[in-house]
Structure formats: C-alpha cells, structure tokens
Amino acid sequence: MKRTDKVNLLDTVPVRSGHLTTEWEGDCAVLAYPRFKRAWMRRLFLPKSMSPFIRIRLEEHGTAVWRLIDGRRTVGEIIGLLASHFGDEEYAQRVTAYLMQMQRDGLVRLQVPLRGE
C-alpha cells in the first residue's frame, strides 16, 4: 500500500500491544505494563515500595471495547456490536476517539487489513 492511499479508520483492525497484561477487578479490565523496559532500570530507578507495573483501570465502556479487541474485528465491527448495547447516538465517535487515544498511548496498534481479507 502506498503512503498516499487513504484508509478509513472503521476498516482498521485494533491489535493489543504485546507488553500489556489484562487483569480483572470485578467486571472492569485493568491493563498493566512495566514501568521500565529493562531490568537494570527497574533495579536502579524503582523504589522498593513502588509497583514495577503501571495499571490502568478501564471503566464500563473501555472494558467493553477492550474485550472485543481480538486482532480480527475491525473498528466498524466493534462499534456495531456495542452501539445497540450502549444506545448512544454518538457512540461511533466515542469509540474511534477512544481507540485513537489508546494507539497514541501505545496500548493498541491499528492495522490496515491486506486487500482480499
């Protein structure tokens, strides 16, 4: 694909980043990832009383989106599955903004499916 080709965000496939683990607090997902990538950095910079992981607790909508990110569903499919449940007219905008922020934060990658998939 050329860099000049336009891609519709709804056709992209969100994929979870490999450095994350998902924990559960009741019905809410908690994403955890290491504060430092390298072990020597943890030893040098991390106080003993501090967790070596950063945890992000997702609320109801975020957890619902996170559950559907499986590396196969497109953004459009995720929106379609959740829009009727949450009944918000602007839900598509909320989900796309949420996924774009997750991409900026390094929690997901938005992949363009190959033609013919």
Side-chain angles (χ1 to χ4, degrees):
M1 176 188 283
K2 298 177 191 172
R3 287 200 174 261
T4 57
D5 289 347
K6 300 218 183 230
V7 175
N8 185 339
L9 178 63
L10 298 178
D11 295 332
T12 62
V13 176
V15 178
R16 296 176 181 184
S17 293
H19 68 284
L20 294 172
T21 58
T22 304
E23 302 167 0
W24 297 94
E25 286 181 5
D27 291 336
C28 292
V30 178
L31 310 183
Y33 61 94
R35 287 185 190 273
F36 298 102
K37 292 180 182 178
R38 310 242 189 285
W40 68 267
M41 294 178 86
R42 282 191 296 274
R43 287 191 305 273
L44 187 62
F45 297 118
L46 189 67
K48 297 266 187 238
S49 62
M50 186 180 285
S51 170
F53 294 95
I54 295 173
R55 288 182 168 73
I56 303 168
R57 187 176 191 274
L58 304 180
E59 42 75 49
E60 179 186 7
H61 292 274
T63 296
V65 171
W66 188 254
R67 285 181 193 268
L68 293 174
I69 296 174
D70 61 2
R72 294 186 306 270
R73 290 186 180 101
T74 65
V75 172
E77 292 169 337
I78 290 171
I79 291 169
L81 290 169
L82 295 175
S84 61
H85 174 70
F86 289 109
D88 186 352
E89 292 175 5
E90 297 178 6
Y91 196 70
Q93 288 178 315
R94 287 181 65 188
V95 172
T96 54
Y98 184 70
L99 286 169
M100 292 299 294
Q101 184 61 51
M102 289 184 91
Q103 180 184 28
R104 282 190 292 275
D105 292 342
L107 305 176
V108 298
R109 290 185 334 271
L110 296 174
Q111 291 184 322
V112 178
L114 299 175
R115 294 182 194 260
E117 284 189 31

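Counting heavy atoms of neighbouring residues, nucleotides and ligands inside a 6.0 Å radius, atom CG of N8 exceeds 12 of them. The number of heavy-atom neighbours closer than 6.0 Å to CZ of R104, taken from other residues, nucleotides and ligands shown, is above 12.
A side-chain donor-acceptor contact under 3.5 Å links T63 to the backbone of A29. At least one donor-acceptor pair closer than 3.5 Å links the side chain of S17 to the backbone N or O of L107. Using a distance-only test at 3.5 Å, with no hydrogens or angles considered, no donor-acceptor pair links the side chain of R94 to the main chain of H61. Proximity of a side-chain donor or acceptor of R73 to a complementary backbone N or O of I78 within less than 3.5 Å is not detected. Without hydrogens or angle criteria, E25 side chain to C28 main chain gives no donor-acceptor distance under 3.5 Å.
Considering only heavy atoms from C-beta on, V75 stays 4.5 Å or farther from D11 through its side chain.
Closest approach of G62 to L58, counting heavy atoms only: O-CD1, 3.7 Å. Between T12 and L9 the shortest heavy-atom distance is OG1-O, 2.7 Å. Of all heavy-atom pairs between T74 and P14, the closest is C-CD, 4.2 Å. Closest of all the heavy-atom pairs between P113 and V13 is CG-CG2, 4.2 Å.
Salt bridge R72/E77: absent, no basic N to carboxylate O contact under 4.0 Å.
A perpendicular orientation is assigned to the rings of H19 and Y33, their planes being inclined by more than 60° (bins at 30° and 60°).
Looking only at atom types and distance, the side chain of S51 has a donor-acceptor partner in the side chain of R55 under 3.5 Å away.
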Pair W24-V30, side-chain contact (heavy atoms from CB on, under 4.5 Å): steps then yes or no: CA-CA 6 Å; W24 297 94; V30 178; over 6 Å; no
Residue pair R16, D70: steps toward the side-chain contact (heavy atoms from CB on, under 4.5 Å) verdict: CA-CA 7 Å; R16 296 176 181 184; D70 61 2; over 6 Å; no
Criterion side-chain contact (heavy atoms from CB on, under 4.5 Å) on V65 and L82, from CA distance to verdict: CA-CA 8 Å; V65 171; L82 295 175; 3.7 Å; yes
Steps toward side-chain contact (heavy atoms from CB on, under 4.5 Å) verdict (L20, V108): CA-CA 9 Å; L20 294 172; V108 298; over 6 Å; no
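Note: T96 OG1 to I79 CD1 = 5.5 Å, rounded to the nearest 0.5 Å. Here CH2 of W40 is found 5.5 Å from CZ of F45. Values are rounded to the nearest 0.5 Å. How far CE of M102 is from CG of L31: 5.5 Å, rounded to the nearest 0.5 Å. Between atom CZ of residue R35 and atom CD1 of residue I54 there is a gap of 5.0 Å, rounded to the nearest 0.5 Å.
Hydrophobic clustering (side-chain heavy atoms under 4.5 Å, transitive across Ile, Leu, Val, Met, Phe, Trp, Tyr) groups L46 together with M41. Residues F36 and I56 are members of separate hydrophobic clusters, defined by side-chain heavy-atom contacts under 4.5 angstrom among Ile, Leu, Val, Met, Phe, Trp and Tyr.
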